[in-house]
Structures are given as C-alpha cells and as structure tokens.
Amino acid sequence: MGTVKKHILIGILISLFATFGGIFLYLEYISKFGFYETIDLIKEGKLYGKVLSLAAIPNLFVFFIFIKKKQDNKAKGVLLATILIAFTTLVLKFF
C-alpha cells in the first residue's frame, strides 16, 4: 500500500473515531437523560441524522490539526469521511 493511500486511510479512521467520540460525548454528557434513555429517545424520534451531524463536529478540529501540521493527505481522509457522514445524514433525513 502506498504512503499516500495509507495516510488517507489513517485520516478516515481518525475521523470516524472522532465522530464516534462525538456521539459518546453527546449521549453521556450533553443529554439530560441517561445513556440508554437517550438512545431510546433517538430511536423514537428518528433523530439519527441530527445526532450524527452534531457528532461530526470534532472532525473540524481534527481537520485543522492536520492542516496545521502540514499532513495534507490525512486531512484529505478526514474530509472524505466527513463527506461520507454528510451523505449518510442526508439519506437518514429523507428516508
């Protein structure tokens, strides 16, 4: 595997990890309810897209860190994963 593809894959994985971290932070600390109660409320209200879009905010910080460190290929991976998350949010909103 080439180094460019490897760095893009690392960026994608870090971006997905940051998104899941954002979901956990939202469910655990921001929500007024408990962890499992919040998950049940998200299922009832079909709020998957809204929670996913809020959880993608940490990707912004990861992207700018990679840009600041001049790791452009990893930043490309973060951008690619963020576009994938945005497309998923769009699909969840309309279907």
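FYI, the numbering just counts along the sequence from 1.
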Where do [X] and [Y] come nearest, in terms of heavy atoms and distance?
| X | Y | answer |
| --- | --- | --- |
| A81 | S15 | CB-OG, 3.4 Å |
| A55 | I23 | CB-CG1, 3.2 Å |
| T89 | G49 | CG2-O, 3.3 Å |
| V62 | A18 | CG2-CB, 4.0 Å |
| T38 | F33 | OG1-O, 3.6 Å |

>> Given I10, which partner from the list K74, Q71, K5 fulfils the side chain to side chain contact (heavy atoms under 4.5 Å, CB included) test?
In response: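 Single pass found, and it is K74.
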> So which of L92, I85, L90 actually passes side chain to side chain contact (heavy atoms under 4.5 Å, CB included) with T88?
Replying inline: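 Of all the options given, the one that passes is L92.
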Please report the interatomic distance [atom1]([X]) to [atom2]([Y]), rounded to the nearest 0.5 Å.
| X | Y | atom1 | atom2 | value |
| --- | --- | --- | --- | --- |
| L79 | I83 | CG | CD1 | 4.0 Å |
| L9 | N73 | CG | CG | 12.0 Å |
| F66 | I14 | CZ | CD1 | 3.5 Å |
| L47 | S53 | CG | OG | 10.0 Å |
| L60 | I57 | CG | CD1 | 8.5 Å |
| L84 | L16 | CG | CG | 7.5 Å |

>> Apply side-chain contact (heavy atoms from CB on, under 4.5 Å) to residues K43 and Y48 and explain how you reach the verdict.
In response: CA-CA 7 Å; K43 287 179 185 176; Y48 302 114; 3.4 Å; yes
Connected via hydrophobic side-chain network under 4.5 Å: [X] and [Y]:
| X | Y | result |
| --- | --- | --- |
| Y36 | V51 | yes |
| V91 | L52 | no |
| L27 | F20 | yes |

>> Can a donor-acceptor pair be found, under 3.5 Å and without considering hydrogens, that links the side chain of E44 to the backbone of L41?
In response: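 Judged by distance alone, no pair lies under 3.5 Å.
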> Counting only N and O atoms by type, is there a donor-acceptor contact under 3.5 Å from the side chain of T82 to the main-chain atoms of V78?
Replying inline: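 Checking the backbone N and O of V78 against the side chain of T82, a donor-acceptor pair under 3.5 Å is found.
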>> For F24 and F35, take the angle between the two ring planes, folded into 0 to 90°, and tell me which bin it lands in: parallel under 30, tilted 30 to 60, perpendicular over 60.
In response: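 Rings of F24 and F35: tilted, 30 to 60°.
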>> side-chain contact (heavy atoms from CB on, under 4.5 Å) for I12 and L80? Distances and angles first, verdict last.
In response: CA-CA 7 Å; I12 290 171; L80 184 64; 3.6 Å; yes
